[in-house]
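Take a look at the structure set out below.
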Amino acid sequence: MTEHLPEDTTAPEPDTIATVTFLHPARPSVDNDQPDTPTAAPVAPQQPVVIPPIPAQAPAVAPDDRTVVLDIARVILDKQAAQAAEPKVVGKVDLDDFDDAPLIPAWMKTPEGWAAWTGVFYRARRRDFRRWVRRQRTDKGHIRQFGRGVRRSHEWVVGFEGVRVQSAAHTAHVLTREARIAARSARFTPRILGAKKQIAMKAAEKATKAAEEAVLLHKKAKKDRNRARNLRAGVVYGPPLAAIGSGYAYGGSLGLAAGLLSTFAGGAFIGCHPYNEENDWTTEWRSLGDGDRMTAPMLDQSFRAAKVIGNDESLRVVQMPMLDNRGAWTAILDLPPGVPAKRAIRATDELAAAFGVEEAQVSIAKKGRSGRIELYVSRDLPFTDKAAPGPLLALNEAANFWGPISIGPDVRGLPISISVVERSGLIGGEPGAGKSASGNTILLAAALDPRVILVLADGKGGGDLEPFEHLCECFEGDADPEAFYELLKEQVEDMKRRYALLKKLGKRKVTEELANKYPELRQKLIWVDELMFYTTDEEYGKKITKLLRNLVSRGRAAGIITFCATQKPGSDVVDTSLRDLLSIRWALRCTTPEASDTILGKGAAASGYSAKTIQSEMRGAGLLWAEGTNPVMVRADYYTDEQVNELLDRATEWRREAGTLPNAPMSLADQLRAQGDDDAQILAFVLDVFAAHGTDEEPADWLPGQLLLDRLKAAGHPVTAEKLGALIVRTDEEKAKRPWGEKGSRVTGYPLARVEAAATGRFGLTA
């Protein structure tokens, strides 16, 4: 800047005038628009700038003296800087001022504005995620879409060939059952009937041929179904597996994730359209037999179809339907007010049809109150799998017949036990239903308790009870009504002796403590197999029925337990006065509901408990009415013949140790020793020598005479050859020499048969 001088002042030379450059001093800024201006320290408020007056006369300026010019320039510049630095009076900031950037308010430049702007994205994404999670619960959710896609793909793979397989299977089952019935009828038709026998044989052949053809058709249908399903499964499941496998092979974890994501996306695309009433063919009717799951609407629909509840009524679900560990559906339901549980129990057949399963697969029981039921629907026909080993095989010590006895599992797989103390029982069913195997559960439990007295009678005479004979106090195995009548008379006399002892002791009935203290009061099990053979005898039938009724009605308090087994315990077989006293009822498979009622009682089949519903494949299963108010479907624990013999060996050993093993028939040698005669003692020792030189099963059939003499002499019996020959008289053929020893020397001897004949003939004994 250059200042003009007065006229009388000599202006300096141009080349001598200095150029003045003003440098703005560093001052603190008060402008809010410049937040980045550094401030080292707070500065004291500026004092008003005092500008000295310009001198009236400019000082003389020498060519080399520029002080005055510089001072004047400095004063002027300081004045302008003071004016520029004078603080503005700023009021409240207008946050809606858009400044020079359009549509961007001033508050966006503040820290709060920047934080708000950056949180918009986070909040928007969080709302989107929450919206996505809520959407998954709807039909348009990705997870629901993928589930529908999997279901639709699986339904396409399964196809409709299963209908033909089920139809063929049903036809095969029906024809097979008819073939068995026809074959049984032909087998039991007497040949003396002639024409009827031929007709029955032809009918059996025809039924067998039809059953074989139905079985072949069923196998072919299964083969065709499996082939079609395998082809469709390759189309549906092949690409996803290939994508996942190739992705993992080439891309590792990222490739695996990409393959899974693509599979999920494909499944969601297939199931993008939700089901509706028009295209969902399963909403009209759902069936457990077709693999659908049990739901509350299905239960209402099925109970309405079975006429258990009205069309405007519904069930109240106490326990939601669920699958147990056996794959069966179970639920606890409350029926509408006024509807008893027995109505649902009577409609078991109709409910099974509504569920699409067999009647034997549905089990309904009252649960705590009259209007509450427990529903159980098994996945497959129960009791058709292989039976598990019975619990008696795990016993390491004697059983307790006074406590509960394991019978077998029910349809739920739960073990069922009963108590037979002061009870009596009846087991019935058609031939081949498994009465003998079922009865073994009770017989073996009694045999394994050394305190129990066994009295068995086999009206079949077939040997089913023969393995128990050596453990029995009385045994009738020849199906002899007269012998059984005499056996029952002995048991009645024993019952009288028991009551006399109880009266003497001042006791009302036999308890476990009394039985342990007094051996005469031990528990006694009277088991009668095929009762029909005894009670239908013309001469002894009524007498046997009278004695049995006496034992069943009076013997319970005396510790006598009676069980009877028969095929059809009708009034013509078992008098109702006897049948009604048998408190435990076990109805195995029967051919008619009437036959089932003769076991369980009149009206049981009408109430929904009929042994006719038991299929032939359910061998050993039956309706057991022992505990509670309703029968329970139970399959008896099964023991093979080898396992029965093993358990009876244990029972024999435990009874021998307890001293309760019945006295077995004495051998011929023991009978000879009991005679007290010297010759009898010699013959008994000779029989022992024969037994010692034989095997465990049979003694030797011939021994040299010198060997017998040497053994007799060593045992202190000085017997000569002449005396032995006179005691055991032989024929000339029996005196012939036979080879003996390692060298095969031929010597004379005595046959075992001749020794036994000499003993029995002289002393009147039996071998």
Do [X] and [Y] make a side-chain contact, defined as non-hydrogen atoms from C-beta onward lying under 4.5 Å apart?
| X | Y | result |
| --- | --- | --- |
| Tyr639 | Leu647 | yes |
| Asp637 | Pro391 | yes |
| Arg619 | Thr384 | no |
| Lys222 | Lys219 | no |
| Gln523 | Ile453 | no |
| Leu525 | Val420 | no |
| Phe468 | Asn440 | yes |
| Leu623 | Trp625 | no |

How close do [X] and [Y] get, counting heavy atoms only, and between which atoms?
| X | Y | value |
| --- | --- | --- |
| Ala347 | Ala306 | CB-O, 4.3 Å |
| Gly356 | Ser287 | CA-OG, 3.5 Å |
| Tyr609 | Ser596 | O-OG, 4.0 Å |
| Glu490 | Cys474 | OE1-SG, 3.9 Å |
| Asp597 | Ala605 | OD1-N, 2.8 Å |

Any donor-acceptor N or O pair under 3.5 Å, side chains [X], [Y]:
| X | Y | answer |
| --- | --- | --- |
| Thr330 | Asp324 | no |
| Arg556 | Ser424 | no |
| Lys524 | Gln491 | yes |
| Arg177 | Gln615 | yes |
| Arg549 | Ser577 | yes |
| Tyr534 | Glu476 | yes |

Which label fits Phe303 and Phe355: parallel for a plane angle under 30°, tilted from 30 to 60°, or perpendicular past 60°?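 If you compare the ring of Phe303 with that of Phe355, the planes turn out perpendicular.
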Using the test side chain to side chain contact (heavy atoms under 4.5 Å, CB included), find all partners of Ser185 that sit at least two apart in sequence or belong to another chain.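 Checked Ser185 against side chain to side chain contact (heavy atoms under 4.5 Å, CB included); matches are Thr189.
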Donor-acceptor contact below 3.5 Å, side chain Gln643 vs main chain Thr640: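 Yes.
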Using a 3.5 Å distance criterion without hydrogens, assess whether the side chain of Gln361 forms a donor-acceptor pair with backbone atoms of Ser378.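 Checked: pair present.
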Using the salt bridge (charged side-chain N to carboxylate O under 4.0 Å, His left out) criterion, which residues pair with Arg650? Sequence neighbours excluded.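 Result, salt bridge (charged side-chain N to carboxylate O under 4.0 Å, His left out) vs Arg650: Glu646.
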Out of curiosity, Lys307 NZ to Leu351 CG, how far, rounded to the nearest 0.5 Å?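 Output value for this atom pair is 11.5 Å.
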Scan residues 374-390 for pairs that pass salt bridge (Lys or Arg N to Asp or Glu O under 4.0 Å), counting only residues two or more places apart or in two chains.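 Of all non-adjacent pairs touching residues 374-390, those that pass salt bridge (Lys or Arg N to Asp or Glu O under 4.0 Å) are Lys367-Glu374, Glu374-Arg412, Asp385-Arg635.
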Salt-bridge criterion met for Glu155 and Arg151 (N-O under 4.0 Å):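 Yes.
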Derivation of the salt bridge (charged side-chain N to carboxylate O under 4.0 Å, His left out) call for Glu486 and Lys489: CA-CA 5 Å; Glu486 297 296 333; Lys489 290 199 319 184; 3.6 Å; yes
